[in-house]
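One structure is given here, and the rest of the page talks about it.
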Number of protein chains: 2
Amino acid sequence: MAEPRWLDDREFRAWLGYRRMRLLLDAQIARDMQRDSGLSDADYDVLSALSSRESRRWRLQELADRMTWSKSRLSRHIGRMEERGLVTREGCDTDARGSVIVLSEGGWRAIQEAAPLHVASVRTHLIDLLTPEQIESLGDIAETVLGRLSASRD
Amino acid sequence: MAEPRWLDDREFRAWLGYRRMRLLLDAQIARDMQRDSGLSDADYDVLSALSSRESRRWRLQELADRMTWSKSRLSRHIGRMEERGLVTREGCDTDARGSVIVLSEGGWRAIQEAAPLHVASVRTHLIDLLTPEQIESLGDIAETVLGRLSASRD
DNA sequence: CACAAGTTGTTTACGTGTAAACCAAGAATG
DNA sequence: CATTCTTGGTTTACACGTAAACAACTTGTG
């Protein structure tokens with residue numbers, strides 16, 4: 001096996017920093033949201049996806065695709081959210097197999113209340129710590145990396 | 001509840017990009033490592049922590065602290081790695097309660113073989129896509145965020 | 001129309017993370 | 001040195017993600 005190009009100091013610092021940031025930052029923001037609003041990260045993602053559409057309803061598969069979740073994951077998660085009164089399931093008119101996930105009144109209230117607290121948390125732990133240049137740069141980095149990832153689906 | 005400062009377009013792009021990058025990039029790199037070396041992300045982290053010390057041995061608690069893992073998580077993970085011959089457990093001389101995790105010969109070989117492939121994967125999906133300025137910037141961002149996180153342990 | 005093939009959503013089996021209970025052994029205190 | 005407190009590690013109960021199997025339904029084809 002040929003000797004690879006190892007990471008130099010700066011590269012290593014960036015990689016390790018990214019890894020550690022991902023570990024701790026996400027945990028902190030999730031903890032904040034659990035404490036402030038009683039929602040998990042996943043709950044929030046589902047609620048905000050649902051509320052992004054005027055009708056507040058999505059076919060399960062569509063929603064799963066949009067979120068890059070497996071159908072099975074979403075199905076089970078919806079089940080749990082249903083028990084907590086955040087969403088409801090309805091049958092689909094045009095396809096008897098289908099099920100439609102609907103944001104309930106309680107779910108709507110939950111995300112309305114959670115959103116400002118969540119934004120505050122994201123600001124506190126990330127956005128407000130960075131310069132405008134760094135924010136721009138982070139956006140660029142993500143765009144580049146994601147562009148390549150979706151291009152080379154091997 | 002007062003209206004919060006919502007994220008503007010650039011801030012939102014950075015936050016969303018970060019979230020999505022974390023979701024997809026990490027999954028891709030983990031997939032590569034599983035395929036190339038049969039190791040999970042967690043396996044790799046344990047192996048590289050163990051091999052970072054000349055003696056290739058750590059007390060469980062120390063190792064858990066260093067990795068920011070819970071004792072229970074590490075204990076169970078070590079159990080699985082032990083079955084696969086990557087590490088062994090030994091009693092501790094100075095404290096009869098203690099257990100010492102030792103990198104086995106097989107574990108040493110595994111990480112030796114995995115490391116260059118892992119670096120290549122990190123380069124392909126992240127480092128080699130970025131300019132030197134972006135690499136520097138990513139390191140800075142992580143340092144800032146992590147600094148604040150560990151400062152304000154509330 | 002009948003039947004094969006594909007799609008939709010749920011369920012099952014399994015791996016693994018967390019929190020809390022637990023046990024054993026060291027440390028501290030009277 | 002006996003009793004209590006603390007610490008190191010494991011185990012248990014539970015939550016949740018994934019892949020694969022499954023059942024119900026739709027679609028495409030002769």
Side-chain angles (χ1 to χ4, degrees), chain A residues 19 22-24 26-31 33-35 38-47 49-50 57-84 86-102, chain B residues 19 22-24 26-31 33-35 38-47 49-50 57-84 86-102:
Chain A
R19 294 274 295 179
R22 165 204 151 218
L23 187 66
L24 299 184
D26 296 358
Q28 181 64 50
I29 289 179
R31 223 169 7 245
M33 190 153 56
Q34 186 66 56
R35 186 197 55 203
L39 297 175
S40 71
D41 224 55
D43 295 333
Y44 190 89
D45 287 350
V46 171
L47 292 177
L50 280 174
R57 57 180 57 224
W58 286 78
R59 282 292 291 275
L60 189 140
Q61 173 80 303
E62 273 184 299
L63 190 56
D65 287 346
R66 179 190 158 103
M67 300 179 70
T68 336
W69 280 22
S70 67
K71 283 181 302 179
S72 118
R73 176 180 184 186
L74 184 58
S75 176
R76 309 192 81 223
H77 201 91
I78 291 296
R80 274 170 259 145
M81 292 180 74
E82 208 174 2
E83 285 175 7
R84 294 193 289 147
L86 297 170
V87 300
T88 58
R89 260 184 243 254
E90 291 180 8
C92 177
D93 293 337
T94 60
D95 185 339
R97 293 167 304 180
S99 91
V100 178
I101 316 304
V102 186
Chain B
R19 295 273 295 178
R22 164 205 152 218
L23 187 66
L24 299 183
D26 296 358
Q28 182 63 51
I29 290 180
R31 221 166 12 242
M33 190 152 57
Q34 187 65 55
R35 187 197 55 204
L39 297 174
S40 71
D41 225 57
D43 294 334
Y44 190 89
D45 287 350
V46 171
L47 292 177
L50 281 173
R57 57 179 59 225
W58 286 77
R59 282 292 290 275
L60 189 141
Q61 174 79 324
E62 274 184 297
L63 189 56
D65 288 346
R66 179 190 159 102
M67 299 179 71
T68 335
W69 279 22
S70 67
K71 284 181 303 179
S72 115
R73 176 180 184 186
L74 184 58
S75 175
R76 308 189 80 222
H77 201 91
I78 292 296
R80 276 171 253 139
M81 292 180 74
E82 207 174 3
E83 284 175 7
R84 294 192 288 147
L86 297 170
V87 300
T88 58
R89 260 184 244 253
E90 290 181 9
C92 178
D93 293 338
T94 61
D95 185 337
R97 290 168 304 180
S99 94
V100 178
I101 317 305
V102 186

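To find a chain, count down the sequence lines: A is the first, B the second, and so on, and within it residues start at 1. Side-chain atoms are counted along with the backbone in the values below, which use heavy atoms only and exclude waters and symmetry mates.
Two residues, R97(B) and G98(A), neighbour DNA chain C, and the one matched to the more 5' nucleotide by heavy-atom proximity is G98(A).
Contact annotation: S70(A) side-chain N/O to dT18(D) OP1/OP2 distance is under 4.0 Å. Within the structure, a side-chain polar atom (N or O) of R80(B) is placed less than 4.0 Å from OP1 or OP2 of dG17(C). At dT10(D), one or more side-chain N or O atoms of S75(B) fall inside 4.0 Å of OP1 or OP2 (strictly under the cut-off). When the side-chain nitrogen and oxygen atoms of R59(B) are compared with OP1 and OP2 of dG9(D), one or more of them lie within a distance under 4.0 Å.
Applying the side chain to side chain donor-acceptor pair (under 3.5 Å) test between D43(B) and each of R84(B), R80(B), Q34(B) identifies R84(B) as the sole match.
Residue R89(B) contributes atom CZ, which lies 12 Å from atom C1' of dG8(D) at whole-angstrom precision. To the nearest angstrom, P of dT10(C) lies 11 Å from CD of Q61(A). A straight line from CG of L74(A) to P of dC16(D) spans 14 Å, rounded to a whole angstrom.
In this model, a donor atom of one side chain and an acceptor atom of the other lie less than 3.5 Å apart for R31(B) and Q28(B).
Looking at heavy atoms from C-beta onward, R89(B) lies in side-chain contact with I101(B) at the 4.5 angstrom threshold.
Backbone-only engagement by S99(B) is indicated by non-hydrogen atom pairs under 4.0 Å involving sugar-phosphate atoms exclusively.
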